[in-house]
Amino acid sequence: MAVKLQKAALDAGIVTIDGDRAAHFYGEVLGLAQAGEVQLPGIGLVSRYAVGDSTLRIFVPQARPQHEGSREGMASQTGIRYLTLMISNLDEVVAAIAAAGYKVPVAIRELRPGVRVAQVEDADGNAIELMQQDA
């Protein structure tokens with residue numbers, strides 16, 4: 001049996017130990033609009049950011065996680081390792097990310113004719129692929 005989607009988008013969540021740095025990267029550097037916060041008593045805080053029809057949830061647990069993810073790039077371990085944002089201002093955004101002091105492990109390059117891509121990292125080392133498809 002197939003799922004019956006109620007929303008034509010995939011939402012994602014990222015766990016961080018530094019909510020302020022995450023808010024700076026996603027809200028200020030990338031400029032995603034904050035779509036609300038939910039305090040879960042005894043659990044932690046979830047901040048939501050609008051990404052088109054999708055929602056990116058940044059979760060700051062009340063208790064520090066026992067393990068942290070790899071900071072060795074997207075191919076360092078199995079599992080969900082990166083998010084992709086399709087954008088129309090790749091050069092500008094990558095320059096702003098680098099100027100703000102975040103890593104750009106994969107500089108802008110042509111992936112295939114008409115498609116350019118770069119890979120950046122947030123404060124926790126999560127890989128974010130930024131892709132621009134020129135018409």
Side-chain angles (χ1 to χ4, degrees):
M1 176 171 89
V3 298
K4 295 179 182 177
L5 297 176
Q6 290 186 320
K7 178 178 172 181
L10 176 67
D11 293 347
I14 294 175
V15 177
T16 185
I17 57 172
D18 192 335
D20 292 337
R21 289 187 71 197
H24 178 258
F25 182 81
Y26 292 100
E28 295 177 34
V29 178
L30 288 184
L32 300 178
Q34 190 169 14
E37 290 186 340
V38 177
Q39 182 68 51
L40 306 169
I43 299 171
L45 176 69
V46 177
S47 297
R48 296 187 319 269
Y49 291 88
V51 186
D53 291 335
S54 298
T55 301
L56 177 62
R57 292 173 176 84
I58 305 297
F59 174 58
V60 182
Q62 185 171 321
R64 187 178 184 101
Q66 293 180 354
H67 305 285
E68 290 186 29
S70 169
R71 294 177 182 249
E72 303 298 320
M74 70 177 232
S76 65
Q77 66 187 44
T78 60
I80 298 172
R81 297 297 301 144
Y82 67 99
L83 302 174
T84 301
L85 298 177
M86 295 292 294
I87 62 176
S88 62
N89 58 340
L90 183 64
D91 297 293
E92 176 185 344
V93 171
V94 172
I97 289 167
Y102 295 96
K103 290 182 183 177
V104 181
V106 178
I108 297 172
R109 65 179 186 164
E110 186 173 68
L111 185 62
R112 58 185 180 273
V115 178
R116 295 182 313 130
V117 65
Q119 190 178 90
V120 301
E121 291 182 1
D122 69 6
D124 289 309
N126 294 304
I128 310 296
E129 179 180 58
L130 301 172
M131 188 177 292
Q132 180 173 331
Q133 185 169 355
D134 298 321

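FYI, side chains are in, hydrogens and waters are out, and symmetry mates aren't considered; it's all heavy atoms of this structure. One-based numbering along the sequence shown.
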For a quick test of your reading: what N or O donor-acceptor pairs under 3.5 Å do the side chains of residues 13-23 make, sequence neighbours left out?
{"residue": "Thr16", "atom": "OG1", "partner": "Asp18", "partner atom": "N", "Å": "3.1"}
{"residue": "Thr16", "atom": "OG1", "partner": "Asp124", "partner atom": "OD1", "Å": "3.3"}
{"residue": "Thr16", "atom": "OG1", "partner": "Asp124", "partner atom": "OD2", "Å": "2.3"}
{"residue": "Asp18", "atom": "OD1", "partner": "Asp20", "partner atom": "N", "Å": "3.3"}
{"residue": "Asp18", "atom": "OD1", "partner": "Arg21", "partner atom": "N", "Å": "3.1"}

Indicate every side-chain donor-acceptor pair of residues 30-40 with a distance under 3.5 Å to a residue at least two apart or in another chain.
{"residue": "Gln34", "atom": "NE2", "partner": "Glu37", "partner atom": "OE2", "Å": "3.2"}
{"residue": "Glu37", "atom": "OE2", "partner": "Ser47", "partner atom": "OG", "Å": "3.3"}
{"residue": "Gln39", "atom": "NE2", "partner": "Gly44", "partner atom": "O", "Å": "3.2"}

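In summary, of the residues considered (Leu85, Val93, Val29, Ile97), a side chain to side chain contact (heavy atoms under 4.5 Å, CB included) with Val120 occurs for Ile97 alone. Considering Gln62, Gln66, Glu68 as possible partners of Arg64, the one that fulfils the side chain to side chain donor-acceptor pair (under 3.5 Å) test is Glu68. The only member of Arg112, Glu110, Met131 that meets side chain to side chain contact (heavy atoms under 4.5 Å, CB included) when paired with Val117 is Met131.
Taken from CG in Leu10 to OG1 in Thr55, the straight-line distance is 10.5 Å, to the nearest 0.5 Å.
Sorted by first then second residue, the ring-ring contact (aromatic ring centres under 6.0 Å, His included) pairs that include residues 41-73, not counting sequence neighbours, number zero. Applying the ring-ring contact (aromatic ring centres under 6.0 Å, His included) definition to pairs two or more places apart or across chains, none involves residues 78-98. Identified under the ring-ring contact (aromatic ring centres under 6.0 Å, His included) test for residues 104-125, with sequence neighbours left out: none.
Atom CG of Asp53 is surrounded by 12 or fewer heavy atoms from other residues, nucleotides or ligands within 6.0 Å.
Every residue two or more places apart in sequence or in another chain that forms a salt bridge (charged side-chain N to carboxylate O under 4.0 Å, His left out) with Lys7 is listed here: Asp11. Among residues two or more places apart in sequence or in another chain, the side chain to side chain donor-acceptor pair (under 3.5 Å) test is passed with Thr84 by Glu129. The salt bridge (charged side-chain N to carboxylate O under 4.0 Å, His left out) search around Arg48 returns none, not counting sequence neighbours. Under the side chain to side chain donor-acceptor pair (under 3.5 Å) criterion, Gln133 pairs with no residue at all, not counting sequence neighbours. The ring pair (Phe, Tyr, Trp, His ring centres under 6.0 Å) check on Tyr102 picks up His24, Phe25, with sequence neighbours excluded. Residues forming a side chain to side chain donor-acceptor pair (under 3.5 Å) with Arg109 (at least two apart in sequence, or on another chain): none. By the salt bridge (charged side-chain N to carboxylate O under 4.0 Å, His left out) test, Arg81 pairs with no residue at all, sequence neighbours left out.
Within the 4.5 Å cutoff, the side chain of Asn126 has no heavy atoms near those of the Leu83 side chain.
Nearest heavy atoms, Arg57 versus Val46: CB-CG1, 3.9 Å.
Hydrophobic clustering (ILVMFWY, side-chain heavy atoms < 4.5 Å, transitive): Val115 and Ile108 are in distinct clusters.
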Exercise. Any chance you could lay out the side-chain contact (heavy atoms from CB on, under 4.5 Å) test for Tyr26 and Ile128, step after step, and finish with the verdict?
Key: CA-CA 11 Å; Tyr26 292 100; Ile128 310 296; 3.5 Å; yes

